[in-house]
Protein chains: 2
Amino acid sequence: MALPEFKIAQLRHFVWVAELKGFHTAAEKACRTQPAISLSIRDLENKLSTVLFEKRNAKTSNTELTPFGRYFLPKAKELIAHHDNVAQDMALMSEHKTGHLRLASVPSIACRMLPELLSKFIADVPELHISFYDDNSEAVLRKVEKQQVDIGIASLPHGHEHADITFTPIWEDQLGVVCREDHPFAEVTELHWKELRKQRLIRNGTSRLLEDTEAEPLLSDSQFLISNMLSLIAMLEEGLGITTLPWFAFPKNNSKLRFIPLTTPKIVRHIGIVQLKNKSLSPAAEALANFILKNTNQDKTKDLES
Amino acid sequence: MALPEFKIAQLRHFVWVAELKGFHTAAEKACRTQPAISLSIRDLENKLSTVLFEKRNAKTSNTELTPFGRYFLPKAKELIAHHDNVAQDMALMSEHKTGHLRLASVPSIACRMLPELLSKFIADVPELHISFYDDNSEAVLRKVEKQQVDIGIASLPHGHEHADITFTPIWEDQLGVVCREDHPFAEVTELHWKELRKQRLIRNGTSRLLEDTEAEPLLSDSQFLISNMLSLIAMLEEGLGITTLPWFAFPKNNSKLRFIPLTTPKIVRHIGIVQLKNKSLSPAAEALANFILKNTNQDKTKDLES
DNA sequence: TCTATTGATAAGGATTCCTTATGGCACTAC
DNA sequence: GTAGTGCCATAAGGAATCCTTATCAATAGA
């Protein structure tokens, strides 16, 4: 005979009848009527082709298990418990209350936007584990492609049409010139690229944003390249020269340096969420993506103006 | 939201779709049509409020799990395995292929009938564990009452109307006189109790069967009491005297001793199966009881005649 | 003996499940 | 590009299951 297939509800009924010693009380607990429980138990007994409870209808007022029923009871309870564990776990998972979220971001966003965003996001999900990596856009994209992270925050390089990646723009990051507060530029509100040619310009990791723009000649003018951001800031504070940076990469609350938007050409990099095309996100990753979208739409302009 | 309740079939469908990478093949395996699987999976996805498979209908021809689905898969498999284990175990149990059978019997039946019966009974159930105890009828009854055994084989003493015990008679065991082959009685075919008064009569554990019969005076006539059966037999073989024994207690294949039925009075003890009233037996115990009933009905008379 | 309680049973409606039939989409072959 | 094929989704109707109300049978207690 083929193995029977139990229903969880059915097992629950059995356990309740056994433990509450009665069909009526069990029915109440199950939010069913008594005949429903009778039928449920009988169905179970048929599946097992054995009786689970002593002669009902007999003199003994309260129902008792047969030896077979006693043997079955703990197994039924274990099976129910196992089921409920899985159900609970999956429910938490799908409400992104638990699980593992792997995230990679470019440093500028990581420093300027994510601290506040993430602290808000994780506020009500203490069981969610988050792994965070920061790196430049290419590396972030690579991590997403290799599925080393669930989701990335980066800008999409021109060449990057890898097709199996989806980009959702979130922030617009405008390029500007950074100089010391006592530099002549510090007082102006906008700059043309040609004004920079007379300056000692330090290139940095973000300078490739000038490529393919009319300001490209600046790249070859430049004598210095400093890729480490902390060193770069120290050099600028020392007055060694000026540099170009996207606004988000410009250190917040720095009193010695000034940021002046470059208006001609106006160079903007779009930073957003990167994920694999045609792959769904884990519930936690999806929740984070939505959270970022919702909590930044209004900030986008405000941040650039400040 | 209330926890969802999975159906085992549903989980199976999920696992099959995931492992066979397709709804069609899974449907085939499930002996269902493809739409049935679609609906089943969709129902599961609704319960989890998350998608389990990547965009079906898309270019990729073979179905792939989402991260969430990948997380769910092993848990679903475990749950199914657990269920099947329990189902299998219960099925074996209800076919009395496994489990633990505790049996108590009076020694006479244990020696004369049970060896053959039990060896036949266990022939096709190698996984069934049997615990066997032998003791006199009172002790067997007590074990049954205390639920130390599932089933007992004994005779019902007169006083024993304990009401919560059911007795199913199986064997009729006639009392007789046992003497050495060279004793004058050895040649007769029946005896009257008064003929015993001139003999040296040894009482034994079964002598209480004479109580409440017209042969009761014999008990006080008797000089010896030997309760141990092996000693008793040795004494009889030595020609120390004669005794009364039920037929089943008379050692089989003993060439030195003879058994002569006592005809006046004819004393018969009924031996049968003892179990608790209003309690069901475990499947194995029930199977054994039925087995004994079926395999002894025809032997009953034959054995007494032999 | 009458009543209250417990579980079994019958019959009907509600729900769920599964089937056949069909539709949409992407890929493949000409 | 157009037809064909393979995949899954969807729709609608019938079948099976589940659950309910109403009632019955047996027991225990008054």
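Model, not experiment: these values are computed from the prediction.
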> Please state how far atom CD in B:E28 lies from atom P in D:dG6, giving the value in whole angstrom units.
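One finds 14 Å between P of D:dG6 and CD of B:E28, rounded.
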> Per the ring-ring contact (aromatic ring centres under 6.0 Å, His included) rule, what does the pair list look like for residues 76-95 of chain A, sequence neighbours excluded?
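Applying ring-ring contact (aromatic ring centres under 6.0 Å, His included) to every pair that reaches into residues 76-95 of chain A, excluding sequence neighbours, yields A:H82-B:H82, A:H83-B:F6.
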> Could you check whether A:K77 pairs with A:E19 (Lys NZ or Arg NE/NH1/NH2 to Asp/Glu carboxylate O, under 4.0 Å)?
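Yes.
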> Please report the distance, rounded to the nearest Å, between CG in B:L65 and P in D:dC8.
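From B:L65 CG to D:dC8 P: 13 Å.
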> Within less than 4.0 Å of OP1 or OP2 of D:dA9, is there a side-chain N or O belonging to B:S38?
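Answer is yes, contact under 4.0 Å.
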> Below 3.5 Å between N/O atoms, which protein atoms pair up with nucleotides 18-21 of chain C? Just atom names and distances, please.
residue : atom : partner : partner atom : Å
C:dC18  : OP1  : B:R32   : NH1          : 3.1
C:dT19  : OP2  : B:T33   : N            : 3.0
C:dT19  : OP2  : B:T33   : OG1          : 2.7

> Starting at atom CZ of A:F23, determine the distance to atom C1' of D:dT27, rounded to an integer number of angstrom.
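One finds 16 Å between C1' of D:dT27 and CZ of A:F23, rounded.
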> Is it true that A:E5 and A:K47 make a salt bridge, defined as a side-chain N closer than 4.0 Å to a carboxylate O?
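Looking at A:K47 together with A:E5, the answer is no, because their closest N to O distance does not fall below 4.0 Å.
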> Please determine whether a side-chain nitrogen or oxygen atom of B:H24 lies at a distance below 4.0 Å from atom OP1 or OP2 of D:dG6.
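For D:dG6, OP1/OP2 do not have a side-chain N/O of B:H24 under 4.0 Å.
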> Which residues pass the ring-ring contact (aromatic ring centres under 6.0 Å, His included) test with A:F132, sequence neighbours left out?
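So A:F132 forms no ring-ring contact (aromatic ring centres under 6.0 Å, His included) with any residue.
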> Would you tell me whether A:E45 and A:T50 have side-chain atoms, one donor and one acceptor, within less than 3.5 Å of each other?
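Note: A:E45 and A:T50 side chains miss the donor-acceptor criterion.
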> For A:I41 and C:dG7, give me the distance from atom CD1 to atom P, rounded to whole Å.
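It is 11 Å, rounded to the nearest whole Å.
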> Tabulate below the donor-acceptor pairs under 3.5 Å that side-chain atoms of residues 96-103 of chain B make, not counting sequence neighbours, or state none.
residue : atom : partner : partner atom : Å
B:H100  : NE2  : B:S131  : OG           : 2.6
B:R102  : NH1  : B:Q147  : O            : 3.2
B:R102  : NH1  : B:Q148  : O            : 3.2
B:R102  : NH2  : B:Q147  : O            : 3.3
B:R102  : NH2  : B:D150  : OD1          : 3.0

> Would you check if there is a donor-acceptor pair between the side chains of B:Q34 and B:S38 at a distance under 3.5 Å?
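Short answer, yes.
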> Separation of A:E64 atom CD from C:dT6 atom P, in whole Å?
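Rounded to the whole Å, the gap is 16 Å.
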> Where each residue is assigned the nucleotide of DNA chain C containing its nearest heavy atom, which of B:D43 and A:T25 is assigned the position nearer the 5′ end?
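The residue closer to the strand's 5' end, by nearest nucleotide, is A:T25.
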> The test is side chain to side chain donor-acceptor pair (under 3.5 Å); show your working for B:E286 and B:S280 and say whether it passes.
CA-CA 8 Å; B:E286 176 137 10; B:S280 354; over 6 Å; no
> Tabulate atom names and distances for all N/O pairs under 3.5 angstrom spanning the protein and nucleotides 13-15 of chain D.
none

> Taking atom C1' of C:dG7 as reference, at what distance in whole Å does atom CG of A:L52 sit?
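Value for this atom pair: 15 Å.
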> What integer distance in Å separates A:N46:CG from D:dT17:P?
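In whole Å, D:dT17 P lies 12 Å from A:N46 CG.
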> When the distance from CD of A:Q10 to P of D:dT17 is rounded to whole Å, what number comes out?
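Rounded to the whole Å, the gap is 12 Å.
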> For B:F291, what residues pass the ring-ring contact (aromatic ring centres under 6.0 Å, His included) criterion, not counting sequence neighbours?
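Applying ring-ring contact (aromatic ring centres under 6.0 Å, His included) to B:F291 gives B:F121.
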